[in-house]
Number of protein chains: 2
Amino acid sequence: MQTNMILHGDCIEKLKEIPDNTIDLIFADPPYNMQLKNILYRPNNTKVAGVDDTWDKFESFNEYDTFCTAWLIECRRILKETGSIWVIGSYHNIFRVGAIMLNLGFWILNDVTWYKINPMPNFLGTRFTNATETLVWCSKSAYTKKYTFNYKMMKKYNGDKQMTSVWHIKLCTGEERIKGSDGKKAHSTQKPEELLKRVILSSTHKDDIILDPFFGTGTTGAVAKKLGRQFIGIESEQNYIDIAQKRIDSITTLWEESDWIEK
Amino acid sequence: MQTNMILHGDCIEKLKEIPDNTIDLIFADPPYNMQLKNILYRPNNTKVAGVDDTWDKFESFNEYDTFCTAWLIECRRILKETGSIWVIGSYHNIFRVGAIMLNLGFWILNDVTWYKINPMPNFLGTRFTNATETLVWCSKSAYTKKYTFNYKMMKKYNGDKQMTSVWHIKLCTGEERIKGSDGKKAHSTQKPEELLKRVILSSTHKDDIILDPFFGTGTTGAVAKKLGRQFIGIESEQNYIDIAQKRIDSITTLWEESDWIEK
DNA sequence: TATAAAGGTGAATCCGCAC
DNA sequence: AGTGCGGATTCACCTTTAT
């Protein structure tokens, strides 16, 4: 199978083109269906640049569930028996996604909490600061016991203590955050590379094939390349593909094992 | 309405006896025994899950969903417009519970992560240490904007910084853990009082009525009493009720406000 | 050149009342 | 239901500018 490429088109359609039992790892960052209604102002009266993309808007819970069921069915079909899948979400969608995954026969291995070191505060003091996102890590079924998990590597990465399901990671900002020609963020929801690093290091071997059905600006592909893995991306917006391709092509040196094994 | 009492009987039946719009806060720690063991450990079936197994699992999930839908419908009915509900769970059940709550019209305010300081390690090295449980905090609907939230109190409690949705709390062990006459833990899932303290302090006023439909050994009642709130417990096992009643009766002094306001 | 101050920003379901 | 307006409301990190 051809790898290290980005497929342009509808997520579900492209997934259907992939043969059964061929993928080692899937990382999926689907739309969250945030349902934002009003403009939010900071205390200094500037506006918060919220997620206002059309790809995040769904008519109803039912429509969202139908969409997620469809892509998750394909994901389960193409996973190897030794493979696993990670899906990230917030409280807006992760409960629906998790329930659907259970219904489809996925077997939850961990619910990992991305604990944001520098989350955006709750400006109006109406709730607790929303400081996390959730990753659900699943094997293909309860019977696939031989999923890849590099336990010792993650322990070493974590200072010789067993890594827990809580990951302290900063938001993707500054240099790492890709900007458009207008100087603004190129994608509303770019994920930090550290997050993908842990996902890929923990649950793949070298040269494994990693699929990301919501490729965006290509964080999964970039980290896969740096870690010596193969990737397949699916993305419906050509603009994001162009950015991702350029980003990945510009990577010339891989991360040395000493950067992560010995940390 | 009579308060500070424990109702003995079926959770859903007892909930039905409570009038509409009368409860200020609900804390629910439902069971998550989905009866999957017979499926999981069935001999001679270590291959891929077949159709029959998927069906079995669906039946089991379906039963759990029906149960949760029933008690959550009653909870929503009895909540005041200014009230809110907290439900705690692990990855085994919280996704199903969260999805059901959304379907019933509850409005998620936060998903709070109980980050266990001293979780049980994963002895086999097959997964990340499961270090969290999740609490879903909801108002009655998206339109009930006047839910109780003591923002400033929680900020003060948190060292004058906005409290986030991640709570570092120890497991309930040692002195606090109630033991039976055999010296073993009286209840398998007793929650730490610190957890309930934050729930109750953040989302009730003094003298408010707090309902716990899965009362167990009465942590909710104990903390409610110490903080000057009223409680109603529902519990189906008389053994737990006896322990809880004794526990609550033995509380003679309330927590001083200085214990939490000034921390 | 080094340090300090100022400014920008992040998947956000973020107000309440009067008219 | 929609609009308008008074009033209360923020944390950590990064970049840029100033001293």
Side-chain angles (χ1 to χ4, degrees), chain A residues 28-58 60-61 64 87-97 113-135 168-180 182-192 194-195 214 216-217 219, chain B residues 81-82 84 98 101-102 105-111 136-152 154-156 158-166:
Chain A
D29 182 11
Y32 290 3
N33 188 22
M34 297 267 292
Q35 309 172 63
L36 300 180
K37 287 168 188 164
N38 303 311
I39 297 171
L40 178 63
Y41 291 88
R42 301 171 190 276
N44 66 1
N45 282 331
T46 61
K47 290 180 186 177
V48 171
V51 176
D52 191 32
D53 308 84
T54 53
W55 50 253
D56 196 49
K57 298 189 193 311
F58 291 80
S60 63
F61 282 152
Y64 186 76
V87 184
I88 187 169
S90 66
Y91 67 82
H92 309 81
N93 71 320
I94 199 64
F95 300 111
R96 313 196 74 84
V97 167
T113 300
W114 170 20
Y115 182 7
K116 301 177 182 181
I117 296 172
N118 52 338
M120 189 171 75
N122 182 294
F123 296 117
L124 297 182
T126 57
R127 307 176 176 193
F128 297 99
T129 310
N130 179 15
T132 67
E133 292 189 27
T134 301
L135 299 101
H168 297 70
I169 299 175
K170 286 180 297 188
L171 296 172
C172 180
T173 60
E175 275 285 302
E176 186 184 338
R177 190 76 187 229
I178 299 172
K179 310 292 194 306
D182 57 359
K184 295 183 177 175
K185 54 190 177 188
H187 193 287
S188 324
T189 70
Q190 186 183 341
K191 296 293 176 291
E194 174 64 22
L195 194 74
F214 305 96
T217 45
T219 305
Chain B
E81 293 300 311
T82 53
S84 63
M101 293 182 79
L102 289 169
F106 284 107
W107 190 247
I108 298 179
L109 300 169
N110 279 116
D111 58 335
V136 183
W137 179 38
C138 297
S139 62
K140 194 163 176 172
S141 87
Y143 309 101
T144 54
K145 300 281 188 187
K146 293 185 182 179
Y147 57 88
T148 299
F149 179 52
N150 299 314
Y151 172 74
K152 287 186 178 173
M154 301 316 288
K155 185 175 177 179
K156 196 153 196 177
N158 193 47
D160 282 324
K161 284 180 188 173
Q162 190 171 97
M163 186 174 277
T164 79
S165 60
V166 179

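Lettering follows sequence order; numbering is per chain, from 1.
Side chain of K179(A) to backbone of R177(A): a donor-acceptor contact under 3.5 angstrom is found. Put simply, the side chain of Q190(A) gets close to the backbone of E176(A): a donor and an acceptor are under 3.5 Å apart.
You can see that DNA chain C meets the heavy atoms of chain A within a 4.0 Å-exclusive cut from dT9(C) to dC15(C), reading 5' to 3'.
Atom P of dC14(C) sits at a distance of 23 Å from the matching atom of dA12(D), rounded to the whole Å. Straight-line distance between the C1' atoms of dG7(C) and dT10(D): roughly 15 Å, to the nearest whole Å. Taking the C1' atom of each, dG16(C) and dA1(D) are spaced 16 Å apart, rounded to whole Å. Comparing dT1(C) with dT19(D), their C1' atoms are spaced 12 Å from each other, to the whole Å.
Looking at K140(B) and Y147(B), their side chains never come closer than 4.5 Å, going by heavy atoms from C-beta outward.
Because its glycosidic torsion is more than 90° from 0, dT16(D) is reported here as anti.
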For DNA chain C, what string of dots and brackets results from 5' to 3' when Watson-Crick and G-U pairs need both distances under 3.5 Å, crossing pairs get [ ], and pairs with another strand get |? .|||||||||....|||||
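Note on ring orientation: taking the six-membered ring where Trp is involved, the planes of Y64(A) and F58(A) are perpendicular (angle over 60°, cut-offs 30° and 60°).
In this structure, a donor-acceptor pair under 3.5 Å is absent between the side chains of T144(B) and W107(B). With 3.5 Å as the limit, one finds a donor-acceptor pair spanning the side chains of D53(A) and S188(A).
Between atom NE2 of residue H187(A) and atom CH2 of residue W55(A) there is a gap of 4.5 Å, rounded to the nearest 0.5 Å.
For K155(B) and dT10(D), the shortest distance from a side-chain N or O to OP1 or OP2 is below 4.0 Å.
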